[in-house]
Chemist: 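Quick one: the structure is below, questions incoming.
Protein chains get the first letters and strands the later ones, always in sequence-line order, with residue 1 at the start of each.
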There are 2 protein chains.
Amino acid sequence: MTELRPGDASLLRKVNTKVTLSALRRAGVATLTQLGRVTGLSRQTVEAVLDELGERGYVREVPPDEGVMGRPARRFGFRADAGYVVGVEVGGDAIVAALADLNGEVIAWERAEISGDAAAHERLEAAERTALACVDGAGVAHRRVWTVAAGTSGIVDRTGRVSLSITLPGWTGVDLAGLAGRWFGCTALAANDANLAALAEHWRGSAQHAADVVYVLIGHRAGAGILIGGRLHPGRTGAAGEIGTLRQVGWEDAARELVKDASAAEVFEAALGGDRDAVRRVDRYAENLAIGASALVLAIDPDLLVLGGGYARAGAVLLEPLRRHLAELCVSAPEVVASTFGDEGVAIGAVRLALDHAEREILGL
Amino acid sequence: MTELRPGDASLLRKVNTKVTLSALRRAGVATLTQLGRVTGLSRQTVEAVLDELGERGYVREVPPDEGVMGRPARRFGFRADAGYVVGVEVGGDAIVAALADLNGEVIAWERAEISGDAAAHERLEAAERTALACVDGAGVAHRRVWTVAAGTSGIVDRTGRVSLSITLPGWTGVDLAGLAGRWFGCTALAANDANLAALAEHWRGSAQHAADVVYVLIGHRAGAGILIGGRLHPGRTGAAGEIGTLRQVGWEDAARELVKDASAAEVFEAALGGDRDAVRRVDRYAENLAIGASALVLAIDPDLLVLGGGYARAGAVLLEPLRRHLAELCVSAPEVVASTFGDEGVAIGAVRLALDHAEREILGL
DNA sequence: CGACATACGTGAATTGGTTACATAAGTGGA
DNA sequence: TCCACTTATGTAACCAATTCACGTATGTCG
């Protein structure tokens, strides 16, 4: 639980490296004096830390500013290109891969459609092709990829194996992390798609200021991801948030009912146009969604509920009735907002997960 | 979220004080060499830390062991009597107070019955009387009480105010922490009873090896407490786990149905004796309970589910059908066990919560 | 009473950090 | 061009916390 190791002097250097590095990354480019001010450390300490990071290739000196008063200060920048990470969504109908530098800036996207009926090995090959194409397209050498993270629907256990998938054929039992590790010969992680999407929203989306977040991913099938204290909460088996399987909740049938005789987009479109029947159907869908969401909200009592996934594009047409039904069901409903990222959320969350791992490597295991 | 403060040398001393103190408390009484071995610190460092703690009154030297080889080592012990904490359960029919030393050893118990209809001010006065009687009975001076924690049913917000109580008359809006602080003129905390009971199980009960725990407190009314990573998860408003309010869950009616025309104890007794009707009723109750519990389990995916509260005394008669129904409802049900502590769980959890606060004080804010 | 075992005490060395102050290297105006 | 001003750098002294090495103290055992 709590780390309870004794500390020798090198512990100090570790924490100060961490604060200095994070200050430098926030600032982009900074002088020793500036970093000293924001971190609260002395200039000399900052210099020593940066020297060390420079030798290890994580920090580079850039040309000084011109035309300023006084002696021009040496300026330093984080070498975001010292390494790269790849985030991949292995979805039902598409593979989405993102290549990002160590600042988390996405350098390249790659997307490939795939049939929902595709066999597991086809899906895996498509994922590998897409990931490789993404990296190759950006001209990044494979050995510069430090970590890969993959997100997929279904339950993913702590080791990164898909322990249960209902939607994808043959997907149950696939060792996604293990296989993804071979793509670039680096460590690989795998997690549930909704969990990663939640992480993305907390990182750069609509959940940045929330600590406890429930993310409801809706589309052909609904799932949920949970963040506690800003960190992923996968649960013992990786199944946290999989409330949809509870019969009383009715997420199973809700989507089916919505798209009985038209595409979801058509129904939302019609509802937006004021079509009575469509509005009623969307409201009914929102009500079903709210039942499951309220179970999560009552259990977790989160700061924020984020609605994402394909259907979330419907926006207020769906959001408003969901808020209404949720307020009826919960003692005190949290704020409900739409996801910032569309289809890219899962891949972005995967990038964040991979970065977490890569950053631990920089700071020294 | 993550602490990101720079560290000067005193940080080292802080973490080493922490590890040394915790090692000493685990050992009870120990020599410098022993502490050095278990903490990984040098004997000199341990000595310096213990000197400091000795000056501040938290550590005392005890007579050396006799009859051992070599020069007898100085032996040190944690002064558990340097301060005390009080944990109180302010329940529907009873007030339970526990006085504990800084090791968490309960020195004295005090219990008082109270009518469920008692007005808020009566309940508060009874709580104060009971807490004072507990401390006075043990002959501990009031100023030696460092922290008080109180647990009660209903929703308790972050400030320790009861923001909603359905069962206790006039209880909504009571500033429990604020009022309890006056009893001994010290800092006081308040939390939901189920949450505290969960904490107690994690501390010294059946949930010691579980990180994520759902504790279901059953009695006249059912509630739940949640531990994530071994720590309390109260949620934004303190309402985390209050799944019972969801209509579909049916916790509201479950208990009422169980005790339709007999006391709960009688029904459980009859079921244990093999009475067909009683068995059916208990099974029905377990099924209702399982629906709510499964919502929590699916949301959190905990390592362990603990069943506690008055009805939990029924034991296997209730536990077995609950396990069965839960397994039907959940993808992968966690282990289900009965609470170790009976009525005392909430007060013990309150002691633990108060200790957490007191310990932070020892280590220096 | 000496051999042995174990703990204690002291001083030097190391690491990491801070403060203080002299010095370097620019800008800007006379 | 030169001088005042501004800001950064370099260096030295010092402090805090920790560790290691080694000599000394204090007990037990045969």
Side-chain angles (χ1 to χ4, degrees), chain A residues 3-21 23-24 27 29-56 59 61-77 363-364, chain B residues 3-21 23-24 27 29-56 59 61-77 363-364:
Chain A
E3 311 203 24
L4 221 58
R5 285 169 266 177
D8 65 332
S10 76
L11 176 71
L12 274 189
R13 183 45 72 90
K14 262 183 197 148
V15 352
N16 288 338
T17 300
K18 192 167 179 175
V19 307
T20 304
L21 199 51
L24 178 59
V29 164
T31 70
L32 298 178
T33 315
Q34 286 168 349
L35 287 174
R37 240 197 325 269
V38 309
T39 59
L41 293 164
S42 72
R43 175 177 50 83
Q44 284 87 337
T45 301
V46 171
E47 186 172 10
V49 167
L50 256 46
D51 271 1
E52 214 173 289
L53 287 171
E55 277 172 26
R56 290 165 51 200
V59 163
E61 196 167 343
V62 300
D65 246 352
E66 290 176 11
V68 293
M69 266 304 212
R71 176 172 175 173
R74 301 163 68 195
R75 291 160 75 233
F76 299 86
L363 298 173
Chain B
E3 310 203 25
L4 223 55
R5 285 169 265 178
D8 66 333
S10 76
L11 176 69
L12 273 190
R13 183 44 72 88
K14 263 185 197 147
V15 354
N16 288 337
T17 299
K18 191 166 179 175
V19 307
T20 304
L21 198 51
L24 177 60
V29 163
T31 70
L32 298 178
T33 315
Q34 287 168 348
L35 287 175
R37 241 199 321 271
V38 309
T39 59
L41 294 164
S42 72
R43 175 176 50 85
Q44 285 88 335
T45 300
V46 172
E47 185 173 12
V49 167
L50 255 47
D51 272 0
E52 213 175 289
L53 287 170
E55 276 172 28
R56 291 165 51 201
V59 164
E61 194 168 343
V62 300
D65 245 354
E66 290 175 11
V68 294
M69 264 304 212
R71 175 172 175 175
R74 300 164 69 195
R75 290 160 76 233
F76 299 86
L363 297 173

Chemist: Expressed in angstrom and rounded to an integer, what is the separation of B:D8 atom CG from C:dG17 atom C1'?
Modeler: 8 Å

Chemist: Figure out the CD/C1' separation between A:Q34 and D:dT7, and round it to whole Å.
Modeler: 12 Å

Chemist: Would B:L21 and B:L363 count as a side chain to side chain contact (heavy atoms under 4.5 Å, CB included) if you check the C-alpha gap in whole Å, the side-chain angles of each, and the deciding distance to 0.1 Å?
Modeler: CA-CA 9 Å; B:L21 198 51; B:L363 297 173; 4.2 Å; yes

Chemist: Taking the minimum atom-to-atom distance to the side chain of A:L32, which one of C:dT18, C:dG16, D:dT9 wins?
Modeler: D:dT9

Chemist: Which comes earlier along DNA chain D counting from the 5' end, the contact point of B:L41 or that of B:M69, where each point is its nearest nucleotide?
Modeler: B:L41

Chemist: Using the side chain to side chain contact (heavy atoms under 4.5 Å, CB included) rule, take A:L50 and A:L35 through it: C-alpha gap first, then chi angles, then the decisive distance, then the call.
Modeler: CA-CA 10 Å; A:L50 256 46; A:L35 287 174; 3.8 Å; yes

Chemist: Between CZ of B:F76 and CD of B:Q34, what distance do you get to the nearest 0.5 Å?
Modeler: 11.5 Å

Chemist: Judged by each residue's nearest nucleotide on DNA chain C, which is more toward the 5′ side, B:Q44 or A:G70?
Modeler: B:Q44

Chemist: Take atom CZ of B:R13 and atom P of D:dT19, then tell me their distance rounded to the nearest Å.
Modeler: 10 Å

Chemist: Taking only side-chain N and O atoms of B:N16, does any of them lie within less than 4.0 angstrom of OP1 or OP2 on D:dA17?
Modeler: no

Chemist: Provide the closest heavy-atom pair for B:D65 versus B:R75 in the form atom of the first, atom of the second, distance.
Modeler: N-CD, 3.3 Å

Chemist: In whole Å, I'd like the distance from the NZ atom of A:K14 to the P atom of C:dG17.
Modeler: 13 Å

Chemist: State, to the nearest 10°, the angle formed by the axis through the first five base pairs of the helix from C:dC1-D:dG30 to C:dA30-D:dT1 and the axis through its last five.
Modeler: 20°

Chemist: In this structure, how many angstroms lie between the C1' atom of D:dG27 and the CD atom of B:E66, rounded?
Modeler: 11 Å

Chemist: Counting any heavy atom closer than 4.0 Å, what does A:R74 reach on the DNA or RNA strands: base, sugar-phosphate only, or nothing?
Modeler: sugar-phosphate

Chemist: What integer distance in Å separates A:D51:CG from C:dG16:C1'?
Modeler: 14 Å

Chemist: If I take atom CG from residue A:D8 and atom CG from residue B:L12, how far apart are they, to the nearest 0.5 angstrom?
Modeler: 7.5 Å

Chemist: Which nucleotide sits closest to the side chain of A:R71: C:dG17, D:dT9, D:dA16?
Modeler: D:dT9

Chemist: Please name the pair of heavy atoms, one in B:T39 and one in B:T20, separated by the smallest distance, quoted to 0.1 Å.
Modeler: CG2-CA, 4.1 Å

Chemist: Using heavy-atom distances to pick each residue's nearest nucleotide on DNA chain D, tell me which of B:R43 and B:V49 is more 5'.
Modeler: B:V49

Chemist: Any chance you could measure A:T33, atom OG1, to A:R74, atom CZ, to the nearest 0.5 Å?
Modeler: 11.0 Å

Chemist: Tell me: CG of A:L11 to P of C:dG17, nearest whole Å?
Modeler: 10 Å

Chemist: Could you pick out which residue, A:G67 or B:T33, lies toward the 5' side of DNA chain C when each is mapped onto its nearest nucleotide?
Modeler: B:T33

Chemist: Nearest whole Å is fine: how far is D:dT19 P from A:L12 CG?
Modeler: 13 Å

Chemist: Does A:S42 make a side-chain N or O approach to OP1 or OP2 of C:dT19 shorter than 4.0 Å?
Modeler: no

